[in-house]
> 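Okay, handing you the structure first.
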Amino acid sequence: MTTETAVRPGATRQQAVAPVVTGIGVTAPNGLGTEAWWAAVLRGESGIRPVERFDTAQYPAKLAGEVPGFDAAAHIPGRLLPQTDHMTRLALTAADEALADAGVDPAELPDFSAGVITASSAGGFEFGQKELQALWSQGGQYVSAYQSFAWFYAVNTGQISIKNGLRGPSGVLVSEQAGGLDAVAQARRQLRKGLRVVVTGGVDSSLCPWGWAAHLAGGELSTSEDPARAFLPFSAEADGHVVGEGGALLVLEDAASAEARGADVYGAIAGYASTFDPAPGSGGAPRLRAAAELALRDAGLTPADVDVVFADAAGRRTADREEAEALAGLFGAHAVPVTAPKTMTGRLAAGGASLDLAAALLGLRDQVIPPTVNAGAPADDCPIDLVTEVRRPGPLRTALVLARGRGGFNSAVVVRAV
(Lines give C-alpha, C1' and ligand atoms only; values in the text may rest on other atoms or scores of the structure.)
Protein backbone atom coordinates (compact mmCIF):
# COMPACT_ATOMS: atom_id res chain seq x y z
CA MET A 1 0.00 0.00 0.00
CA THR A 2 1.17 3.52 -0.76
CA THR A 3 0.22 6.72 1.01
CA GLU A 4 -0.64 10.09 -0.44
CA THR A 5 1.17 13.21 0.68
CA ALA A 6 0.03 16.79 0.56
CA VAL A 7 2.98 18.88 -0.56
CA ARG A 8 2.76 21.96 1.63
CA PRO A 9 5.63 24.25 2.55
CA GLY A 10 6.71 23.71 6.14
CA ALA A 11 4.66 20.55 6.64
CA THR A 12 6.12 17.92 8.91
CA ARG A 13 6.24 14.29 7.79
CA GLN A 14 3.38 13.45 10.16
CA GLN A 15 1.25 16.24 8.69
CA ALA A 16 2.07 15.23 5.12
CA VAL A 17 0.87 11.62 5.29
CA ALA A 18 -2.82 11.40 4.45
CA PRO A 19 -4.99 9.18 6.65
CA VAL A 20 -6.87 6.35 4.97
CA VAL A 21 -10.42 5.01 5.10
CA THR A 22 -10.57 1.34 6.04
CA GLY A 23 -14.25 0.93 6.90
CA ILE A 24 -17.63 2.26 5.72
CA GLY A 25 -21.07 1.92 7.31
CA VAL A 26 -24.22 3.23 5.61
CA THR A 27 -27.87 3.75 6.48
CA ALA A 28 -29.61 5.41 3.54
CA PRO A 29 -33.10 5.81 2.06
CA ASN A 30 -32.20 3.57 -0.89
CA GLY A 31 -30.36 0.90 1.06
CA LEU A 32 -29.54 -0.30 4.56
CA GLY A 33 -25.90 -1.36 4.64
CA THR A 34 -23.06 -0.22 2.41
CA GLU A 35 -23.21 -2.76 -0.39
CA ALA A 36 -27.03 -2.76 -0.58
CA TRP A 37 -27.02 1.03 -0.82
CA TRP A 38 -24.19 1.14 -3.36
CA ALA A 39 -25.88 -1.44 -5.59
CA ALA A 40 -29.07 0.65 -5.51
CA VAL A 41 -27.08 3.79 -6.37
CA LEU A 42 -25.48 2.14 -9.39
CA ARG A 43 -28.93 0.95 -10.52
CA GLY A 44 -30.20 4.52 -10.21
CA GLU A 45 -32.76 3.40 -7.64
CA SER A 46 -34.31 6.21 -5.62
CA GLY A 47 -35.42 6.04 -2.00
CA ILE A 48 -37.57 9.17 -2.19
CA ARG A 49 -41.24 8.38 -1.62
CA PRO A 50 -44.29 9.62 0.33
CA VAL A 51 -43.58 9.98 4.05
CA GLU A 52 -44.74 6.95 6.04
CA ARG A 53 -43.61 7.83 9.56
CA PHE A 54 -46.31 10.44 10.16
CA ASP A 55 -49.35 11.90 8.41
CA THR A 56 -48.37 14.68 6.01
CA ALA A 57 -51.90 15.50 4.82
CA GLN A 58 -51.81 18.91 6.50
CA TYR A 59 -48.37 19.86 5.14
CA PRO A 60 -47.44 21.25 1.71
CA ALA A 61 -44.40 18.92 1.39
CA LYS A 62 -45.15 15.21 1.46
CA LEU A 63 -42.03 13.40 0.23
CA ALA A 64 -38.87 12.29 2.04
CA GLY A 65 -36.08 9.76 1.96
CA GLU A 66 -36.75 7.31 4.80
CA VAL A 67 -34.39 4.42 5.58
CA PRO A 68 -36.31 1.28 4.56
CA GLY A 69 -36.72 -1.89 6.56
CA PHE A 70 -34.91 -0.68 9.66
CA ASP A 71 -35.80 -2.78 12.73
CA ALA A 72 -33.95 -1.12 15.58
CA ALA A 73 -34.33 -4.16 17.85
CA ALA A 74 -32.44 -6.26 15.30
CA HIS A 75 -29.45 -3.94 15.37
CA ILE A 76 -29.35 -2.26 18.78
CA PRO A 77 -28.98 -3.86 22.24
CA GLY A 78 -32.28 -3.82 24.11
CA ARG A 79 -30.85 -1.72 26.95
CA LEU A 80 -30.21 1.12 24.47
CA LEU A 81 -33.64 1.23 22.88
CA PRO A 82 -35.36 3.28 25.63
CA GLN A 83 -32.58 5.88 25.65
CA THR A 84 -31.98 6.49 21.96
CA ASP A 85 -33.63 8.49 19.21
CA HIS A 86 -34.14 6.95 15.77
CA MET A 87 -31.18 9.01 14.53
CA THR A 88 -28.84 7.50 17.11
CA ARG A 89 -30.04 3.98 16.37
CA LEU A 90 -29.14 4.53 12.72
CA ALA A 91 -25.75 5.91 13.75
CA LEU A 92 -24.96 2.98 16.04
CA THR A 93 -25.85 0.58 13.22
CA ALA A 94 -23.60 2.41 10.76
CA ALA A 95 -20.74 2.49 13.28
CA ASP A 96 -20.98 -1.26 13.87
CA GLU A 97 -20.82 -1.91 10.13
CA ALA A 98 -17.89 0.48 9.63
CA LEU A 99 -15.82 -1.10 12.42
CA ALA A 100 -16.56 -4.62 11.18
CA ASP A 101 -15.72 -3.60 7.61
CA ALA A 102 -12.40 -2.16 8.79
CA GLY A 103 -11.60 -5.28 10.79
CA VAL A 104 -11.10 -3.14 13.89
CA ASP A 105 -11.83 -4.67 17.28
CA PRO A 106 -11.84 -1.79 19.76
CA ALA A 107 -11.04 -4.18 22.60
CA GLU A 108 -7.69 -4.92 20.99
CA LEU A 109 -6.64 -1.27 20.65
CA PRO A 110 -4.48 0.48 23.24
CA ASP A 111 -6.43 2.65 25.67
CA PHE A 112 -7.26 6.14 24.40
CA SER A 113 -5.95 5.38 20.89
CA ALA A 114 -9.37 5.53 19.17
CA GLY A 115 -12.06 8.20 19.18
CA VAL A 116 -15.36 9.26 17.62
CA ILE A 117 -16.05 12.52 15.78
CA THR A 118 -19.46 12.92 14.18
CA ALA A 119 -21.57 15.69 12.71
CA SER A 120 -25.16 16.50 13.59
CA SER A 121 -27.56 19.26 12.65
CA ALA A 122 -30.58 18.70 14.85
CA GLY A 123 -30.00 16.00 17.46
CA GLY A 124 -32.74 13.60 18.51
CA PHE A 125 -35.78 15.54 17.30
CA GLU A 126 -38.28 12.67 17.36
CA PHE A 127 -37.29 11.65 20.90
CA GLY A 128 -37.60 15.25 22.02
CA GLN A 129 -41.02 15.64 20.43
CA LYS A 130 -42.37 12.56 22.21
CA GLU A 131 -41.11 13.76 25.58
CA LEU A 132 -42.58 17.22 25.06
CA GLN A 133 -45.90 15.58 24.21
CA ALA A 134 -45.68 13.60 27.46
CA LEU A 135 -44.88 16.79 29.38
CA TRP A 136 -47.81 18.74 27.95
CA SER A 137 -50.39 15.94 28.10
CA GLN A 138 -49.43 14.05 31.28
CA GLY A 139 -46.98 16.08 33.32
CA GLY A 140 -43.29 16.23 34.13
CA GLN A 141 -43.23 12.92 35.97
CA TYR A 142 -43.87 11.18 32.65
CA VAL A 143 -40.84 12.68 30.90
CA SER A 144 -37.98 10.20 30.45
CA ALA A 145 -34.73 10.90 32.25
CA TYR A 146 -33.05 10.00 28.96
CA GLN A 147 -34.42 13.22 27.47
CA SER A 148 -31.49 14.95 29.19
CA PHE A 149 -29.16 13.66 26.48
CA ALA A 150 -31.13 11.78 23.79
CA TRP A 151 -32.03 15.06 22.07
CA PHE A 152 -28.48 16.43 22.17
CA TYR A 153 -26.54 16.95 18.93
CA ALA A 154 -23.48 15.23 20.47
CA VAL A 155 -25.40 12.11 21.43
CA ASN A 156 -24.28 10.00 18.44
CA THR A 157 -20.64 10.55 19.34
CA GLY A 158 -21.31 9.69 22.97
CA GLN A 159 -23.33 6.55 22.37
CA ILE A 160 -20.92 5.18 19.74
CA SER A 161 -17.99 5.88 22.05
CA ILE A 162 -19.57 4.21 25.08
CA LYS A 163 -20.93 1.18 23.22
CA ASN A 164 -17.58 0.44 21.55
CA GLY A 165 -15.17 1.53 24.28
CA LEU A 166 -13.61 4.25 22.12
CA ARG A 167 -12.18 6.48 24.84
CA GLY A 168 -9.80 8.68 22.86
CA PRO A 169 -10.42 12.35 22.02
CA SER A 170 -13.88 12.78 20.51
CA GLY A 171 -16.20 15.55 19.42
CA VAL A 172 -19.11 16.77 17.30
CA LEU A 173 -19.37 19.31 14.47
CA VAL A 174 -22.48 21.35 13.76
CA SER A 175 -22.41 22.89 10.27
CA GLU A 176 -25.54 21.37 8.71
CA GLN A 177 -24.94 19.70 5.31
CA ALA A 178 -21.21 20.53 5.43
CA GLY A 179 -20.83 18.75 8.76
CA GLY A 180 -20.08 15.31 7.34
CA LEU A 181 -16.91 16.67 5.73
CA ASP A 182 -15.95 18.87 8.66
CA ALA A 183 -16.13 15.89 11.03
CA VAL A 184 -13.75 13.90 8.82
CA ALA A 185 -11.35 16.84 8.78
CA GLN A 186 -11.41 17.05 12.57
CA ALA A 187 -10.75 13.30 12.71
CA ARG A 188 -7.75 13.86 10.45
CA ARG A 189 -6.41 16.45 12.89
CA GLN A 190 -6.72 14.01 15.78
CA LEU A 191 -4.87 11.32 13.84
CA ARG A 192 -2.05 13.77 13.27
CA LYS A 193 -1.89 14.26 17.02
CA GLY A 194 -1.34 10.56 17.60
CA LEU A 195 -4.69 8.74 17.50
CA ARG A 196 -4.72 5.52 15.50
CA VAL A 197 -8.40 5.18 14.63
CA VAL A 198 -11.41 7.52 14.49
CA VAL A 199 -15.01 6.66 13.68
CA THR A 200 -16.24 9.71 11.82
CA GLY A 201 -18.87 11.14 9.49
CA GLY A 202 -22.50 11.97 10.01
CA VAL A 203 -25.93 10.35 10.41
CA ASP A 204 -28.99 12.55 10.81
CA SER A 205 -32.77 12.29 10.99
CA SER A 206 -35.52 14.72 11.90
CA LEU A 207 -38.49 13.15 10.14
CA CYS A 208 -41.25 13.87 12.63
CA PRO A 209 -43.91 16.61 12.79
CA TRP A 210 -41.71 18.86 14.93
CA GLY A 211 -38.76 18.45 12.60
CA TRP A 212 -40.99 18.79 9.54
CA ALA A 213 -42.24 22.16 10.76
CA ALA A 214 -38.63 23.31 11.03
CA HIS A 215 -37.82 22.10 7.51
CA LEU A 216 -40.87 23.89 6.12
CA ALA A 217 -39.96 27.09 7.94
CA GLY A 218 -36.67 27.13 6.00
CA GLY A 219 -38.63 27.66 2.80
CA GLU A 220 -36.44 25.36 0.69
CA LEU A 221 -38.52 22.17 0.41
CA SER A 222 -40.02 21.06 -2.89
CA THR A 223 -43.80 20.69 -2.75
CA SER A 224 -43.97 18.36 -5.73
CA GLU A 225 -45.75 15.09 -4.99
CA ASP A 226 -43.98 13.23 -7.81
CA PRO A 227 -40.84 11.53 -6.42
CA ALA A 228 -39.23 11.68 -9.87
CA ARG A 229 -39.72 15.46 -10.19
CA ALA A 230 -39.30 16.76 -6.66
CA PHE A 231 -35.50 17.14 -6.40
CA LEU A 232 -33.90 18.35 -9.64
CA PRO A 233 -30.53 19.98 -8.92
CA PHE A 234 -29.03 22.06 -11.75
CA SER A 235 -32.27 21.73 -13.73
CA ALA A 236 -34.21 24.70 -15.09
CA GLU A 237 -37.19 23.21 -13.23
CA ALA A 238 -35.49 23.01 -9.82
CA ASP A 239 -37.70 24.41 -7.07
CA GLY A 240 -36.35 22.99 -3.83
CA HIS A 241 -35.01 19.83 -2.25
CA VAL A 242 -36.36 16.74 -0.54
CA VAL A 243 -35.37 15.91 3.04
CA GLY A 244 -33.85 12.53 3.81
CA GLU A 245 -32.39 10.65 6.74
CA GLY A 246 -29.33 8.50 7.33
CA GLY A 247 -25.75 9.00 6.25
CA ALA A 248 -22.40 7.27 6.48
CA LEU A 249 -19.77 6.66 9.12
CA LEU A 250 -16.19 5.91 8.17
CA VAL A 251 -13.25 4.37 9.97
CA LEU A 252 -10.40 6.80 9.41
CA GLU A 253 -7.04 5.39 10.30
CA ASP A 254 -3.41 6.36 10.49
CA ALA A 255 -1.87 5.12 7.24
CA ALA A 256 1.09 3.44 8.92
CA SER A 257 -1.20 1.65 11.37
CA ALA A 258 -3.46 0.42 8.58
CA GLU A 259 -0.48 -0.81 6.58
CA ALA A 260 1.03 -2.58 9.58
CA ARG A 261 -2.09 -4.66 10.15
CA GLY A 262 -2.64 -5.32 6.44
CA ALA A 263 -5.96 -3.53 6.26
CA ASP A 264 -7.82 -3.08 2.99
CA VAL A 265 -8.01 0.62 2.11
CA TYR A 266 -10.73 2.45 0.19
CA GLY A 267 -8.73 5.62 -0.31
CA ALA A 268 -6.90 8.50 1.36
CA ILE A 269 -8.27 11.81 2.64
CA ALA A 270 -5.71 13.85 0.76
CA GLY A 271 -7.02 17.39 1.23
CA TYR A 272 -9.63 19.48 3.02
CA ALA A 273 -10.67 23.09 3.37
CA SER A 274 -13.63 25.10 4.57
CA THR A 275 -14.75 28.67 3.96
CA PHE A 276 -17.63 30.85 5.04
CA ASP A 277 -19.83 32.95 2.78
CA PRO A 278 -20.10 36.70 3.39
CA ALA A 279 -23.17 38.04 5.13
CA PRO A 280 -26.31 38.25 2.97
CA GLY A 281 -26.66 41.68 1.42
CA SER A 282 -22.98 42.51 1.85
CA GLY A 283 -22.24 42.16 -1.85
CA GLY A 284 -19.56 39.54 -1.30
CA ALA A 285 -19.31 36.51 -3.58
CA PRO A 286 -19.98 32.92 -2.38
CA ARG A 287 -16.80 31.11 -1.37
CA LEU A 288 -17.43 27.51 -2.42
CA ARG A 289 -14.84 27.78 -5.17
CA ALA A 290 -12.28 29.02 -2.62
CA ALA A 291 -12.94 25.94 -0.47
CA ALA A 292 -12.32 23.67 -3.46
CA GLU A 293 -9.13 25.51 -4.42
CA LEU A 294 -7.79 25.38 -0.88
CA ALA A 295 -8.60 21.67 -0.54
CA LEU A 296 -6.70 20.92 -3.75
CA ARG A 297 -3.77 22.98 -2.52
CA ASP A 298 -3.85 21.08 0.77
CA ALA A 299 -3.63 17.85 -1.24
CA GLY A 300 -0.78 19.13 -3.37
CA LEU A 301 -2.93 18.79 -6.50
CA THR A 302 -4.33 20.97 -9.27
CA PRO A 303 -7.78 21.05 -10.89
CA ALA A 304 -6.37 18.98 -13.77
CA ASP A 305 -5.87 16.08 -11.32
CA VAL A 306 -9.58 15.81 -10.46
CA ASP A 307 -11.51 13.04 -12.23
CA VAL A 308 -14.97 13.62 -10.76
CA VAL A 309 -16.81 16.11 -8.54
CA PHE A 310 -19.53 15.09 -6.10
CA ALA A 311 -21.62 18.26 -6.01
CA ASP A 312 -23.54 19.78 -3.12
CA ALA A 313 -26.57 20.09 -5.46
CA ALA A 314 -28.94 22.30 -3.47
CA GLY A 315 -31.88 21.97 -5.85
CA ARG A 316 -32.57 25.73 -5.85
CA ARG A 317 -31.97 27.77 -8.97
CA THR A 318 -29.74 30.46 -7.47
CA ALA A 319 -27.68 28.08 -5.35
CA ASP A 320 -27.28 25.62 -8.22
CA ARG A 321 -26.17 28.36 -10.57
CA GLU A 322 -23.61 29.59 -8.04
CA GLU A 323 -22.18 26.09 -7.62
CA ALA A 324 -22.06 25.51 -11.38
CA GLU A 325 -20.30 28.84 -11.88
CA ALA A 326 -17.76 27.92 -9.20
CA LEU A 327 -17.04 24.61 -10.92
CA ALA A 328 -16.82 26.16 -14.38
CA GLY A 329 -14.51 28.84 -13.03
CA LEU A 330 -12.24 26.27 -11.43
CA PHE A 331 -12.21 23.54 -14.09
CA GLY A 332 -13.66 25.16 -17.18
CA ALA A 333 -17.17 24.77 -18.60
CA HIS A 334 -18.21 21.12 -18.96
CA ALA A 335 -14.60 20.11 -18.25
CA VAL A 336 -14.98 17.56 -15.44
CA PRO A 337 -17.74 15.00 -14.73
CA VAL A 338 -20.09 16.13 -11.96
CA THR A 339 -22.51 13.90 -10.09
CA ALA A 340 -25.06 14.22 -7.30
CA PRO A 341 -26.29 10.77 -6.19
CA LYS A 342 -28.21 12.52 -3.40
CA THR A 343 -31.08 12.85 -5.90
CA MET A 344 -31.79 9.24 -4.83
CA THR A 345 -31.82 10.00 -1.10
CA GLY A 346 -32.71 13.64 -0.62
CA ARG A 347 -30.54 15.99 1.39
CA LEU A 348 -29.57 14.25 4.65
CA ALA A 349 -28.40 17.29 6.63
CA ALA A 350 -25.21 16.27 8.49
CA GLY A 351 -25.35 12.80 6.93
CA GLY A 352 -25.36 13.98 3.33
CA ALA A 353 -21.73 14.91 2.77
CA SER A 354 -20.33 11.82 4.45
CA LEU A 355 -22.61 9.66 2.29
CA ASP A 356 -21.19 11.46 -0.77
CA LEU A 357 -17.73 10.75 0.60
CA ALA A 358 -18.61 7.06 0.83
CA ALA A 359 -19.88 7.17 -2.75
CA ALA A 360 -16.63 8.79 -3.89
CA LEU A 361 -14.56 6.10 -2.17
CA LEU A 362 -16.62 3.28 -3.65
CA GLY A 363 -16.51 4.98 -7.04
CA LEU A 364 -12.71 4.94 -6.87
CA ARG A 365 -12.80 1.28 -5.82
CA ASP A 366 -15.11 0.22 -8.64
CA GLN A 367 -13.93 2.79 -11.22
CA VAL A 368 -17.41 4.13 -11.85
CA ILE A 369 -19.22 7.46 -11.47
CA PRO A 370 -22.73 7.02 -10.03
CA PRO A 371 -25.61 8.81 -11.77
CA THR A 372 -27.66 11.89 -10.91
CA VAL A 373 -31.13 10.46 -11.53
CA ASN A 374 -34.20 12.43 -12.65
CA ALA A 375 -32.48 15.81 -12.97
CA GLY A 376 -31.95 15.61 -16.75
CA ALA A 377 -29.78 18.01 -18.68
CA PRO A 378 -28.50 21.01 -16.69
CA ALA A 379 -29.98 24.44 -17.28
CA ASP A 380 -28.16 26.70 -19.73
CA ASP A 381 -26.78 28.78 -16.85
CA CYS A 382 -25.26 25.67 -15.22
CA PRO A 383 -22.32 24.83 -17.56
CA ILE A 384 -21.33 21.48 -16.06
CA ASP A 385 -20.94 17.92 -17.35
CA LEU A 386 -23.62 16.35 -15.16
CA VAL A 387 -23.64 12.53 -15.15
CA THR A 388 -27.33 11.65 -15.50
CA GLU A 389 -29.34 8.43 -15.56
CA VAL A 390 -26.52 6.06 -16.60
CA ARG A 391 -23.43 5.43 -14.51
CA ARG A 392 -20.19 6.36 -16.24
CA PRO A 393 -17.00 4.23 -16.15
CA GLY A 394 -13.58 5.59 -15.08
CA PRO A 395 -10.62 5.69 -14.99
CA LEU A 396 -10.75 7.47 -11.63
CA ARG A 397 -8.01 8.34 -9.20
CA THR A 398 -9.08 11.61 -7.56
CA ALA A 399 -12.51 12.83 -6.44
CA LEU A 400 -13.55 16.21 -5.07
CA VAL A 401 -16.51 16.21 -2.67
CA LEU A 402 -18.31 19.51 -2.00
CA ALA A 403 -20.86 20.48 0.63
CA ARG A 404 -22.65 23.63 1.72
CA GLY A 405 -24.44 24.06 5.02
CA ARG A 406 -27.29 26.39 5.82
CA GLY A 407 -25.92 29.70 7.08
CA GLY A 408 -22.90 30.00 4.80
CA PHE A 409 -20.73 26.93 5.47
CA ASN A 410 -18.65 25.59 2.55
CA SER A 411 -16.45 22.49 2.78
CA ALA A 412 -14.42 20.44 0.33
CA VAL A 413 -12.56 17.12 0.64
CA VAL A 414 -10.18 15.58 -1.87
CA VAL A 415 -10.14 11.78 -1.95
CA ARG A 416 -7.35 9.81 -3.65
CA ALA A 417 -7.04 6.16 -4.59
CA VAL A 418 -4.09 4.37 -3.00
Side-chain angles (χ1 to χ4, degrees), residues 1-6 17-28 31 33-42 94-105 114 116-118 180-181 183-185 187-188 190-191 195-203 246-272 295 299 301 305-310 339 341 351-370 391 393-403 412-418:
M1 184 191 77
T2 61
T3 56
E4 295 295 330
T5 60
V17 176
V20 295
V21 176
T22 56
I24 300 176
V26 168
T27 58
T34 300
E35 295 302 337
W37 159 75
W38 183 237
V41 168
L42 295 183
D96 284 348
E97 183 186 18
L99 287 166
D101 185 38
V104 171
D105 182 353
V116 184
I117 298 174
T118 67
L181 300 187
V184 171
R188 184 177 72 155
Q190 292 296 342
L191 290 172
L195 278 189
R196 286 173 52 177
V197 173
V198 184
V199 176
T200 187
V203 173
L249 293 177
L250 314 176
V251 172
L252 198 63
E253 191 166 351
D254 173 75
S257 174
E259 184 174 19
R261 67 184 187 87
D264 292 331
V265 171
Y266 287 99
I269 305 299
Y272 162 82
L301 301 173
D305 294 309
V306 175
D307 301 307
V308 60
V309 175
F310 285 75
T339 187
S354 56
L355 191 63
D356 277 347
L357 196 56
L361 291 161
L362 292 169
L364 295 180
R365 182 193 71 179
D366 295 343
Q367 292 293 288
V368 63
I369 301 173
R391 62 188 184 182
L396 306 173
R397 180 163 177 77
T398 302
L400 174 66
V401 181
L402 302 177
V413 163
V414 177
V415 182
R416 293 273 277 171
V418 296

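Residue numbers run from 1 in the order of the sequence given.
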> Specify the closest pair of heavy atoms between G25 and T34, including all atoms of both residues, with the distance to one decimal.
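Taking every non-hydrogen atom into account, CA-OG1, 3.6 Å.
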> Could you measure the distance from the OG1 atom of T22 to the CD atom of E259? Nearest 0.5 Å is fine.
13.0 Å
> At their closest point, which heavy atom of A18 faces which heavy atom of A255, and how far apart are they?
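Heavy atoms of A18 and A255 come nearest at O-CB, 3.7 Å.
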> With a 3.5 Å distance limit and no angle check, can you tell me whether R416 reaches the backbone of A268 through a side-chain donor-acceptor pair?
no
> When you compare the side chain of L301 with that of V306, does any pair of heavy atoms fall below 4.5 Å?
no
> Decide yes or no on side-chain contact (heavy atoms from CB on, under 4.5 Å) for L402 and F310, but give the supporting numbers first.
CA-CA 6 Å; L402 302 177; F310 285 75; over 6 Å; no
> Could you tell me the separation between the CD atom of E35 and the CG atom of L362, rounded to the nearest 0.5 Å?
6.5 Å
> Determine the minimum heavy-atom distance between A95 and V199, stating which atoms define it.
CB-CG1, 4.4 Å
> Quick one: are Y266 and V20 in side-chain contact, heavy atoms under 4.5 Å?
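Not touching, per the 4.5 Å side-chain cut-off.
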> Grab the two heavy atoms, one from A403 and one from L181, that are nearest each other, plus how far apart they are.
CB-CD1, 3.9 Å
> Check V251 against A98 and note the closest heavy-atom contact, atom names and distance.
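So the minimum-distance heavy-atom pair works out to CG2-O, 3.4 Å.
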> Can you tell me if R391 has over 12 outside heavy atoms packed within less than 6.0 Å of its CZ?
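No, the 6.0 Å shell around CZ holds no more than 12 heavy atoms from other groups.
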> Does CG belonging to D105 count more than 12 external heavy atoms closer than 6.0 Å?
yes
> Are any side-chain N or O atoms of Q190 and backbone N or O atoms of V198, one a donor and one an acceptor, separated by less than 3.5 Å?
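Flag not set: sc Q190 to bb V198 has no pair under 3.5 Å.
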> Would you give the length of the straight line joining atom CD1 of I117 to atom CG of L191, rounded to the nearest 0.5 angstrom?
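One gets 8.0 Å once the value is rounded to the nearest 0.5 Å.
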> Let me confirm one number: the CG-CG distance from L355 to L249, rounded to the nearest 0.5 Å.
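So the CG of L355 and the CG of L249 are separated by 10.5 Å.
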> Does R261 form a side-chain contact (heavy atoms from CB on, under 4.5 Å) with V104? I'd like the steps, not just the answer.
CA-CA 10 Å; R261 67 184 187 87; V104 171; 3.3 Å; yes
> To the nearest 0.5 Å, what is the distance between CG (L252) and CD1 (I269)?
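Taking CG in L252 and CD1 in I269, the distance rounds to 6.0 Å.
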> Is a side-chain N or O of S354 found less than 3.5 angstrom from the main chain of G247, in a donor-acceptor match?
no
> For the atom pair CG (D356) and CG (L400), what is the distance rounded to the nearest 0.5 Å?
11.0 Å
> Might you point out which heavy atoms bring A358 and A248 nearest each other, and give the distance in Å?
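Closest approach of A358 to A248, heavy atoms only: CB-CB, 4.1 Å.
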> Less than 4.5 Å apart, side chain to side chain, heavy atoms only: is that true for P395 and Q367?
yes
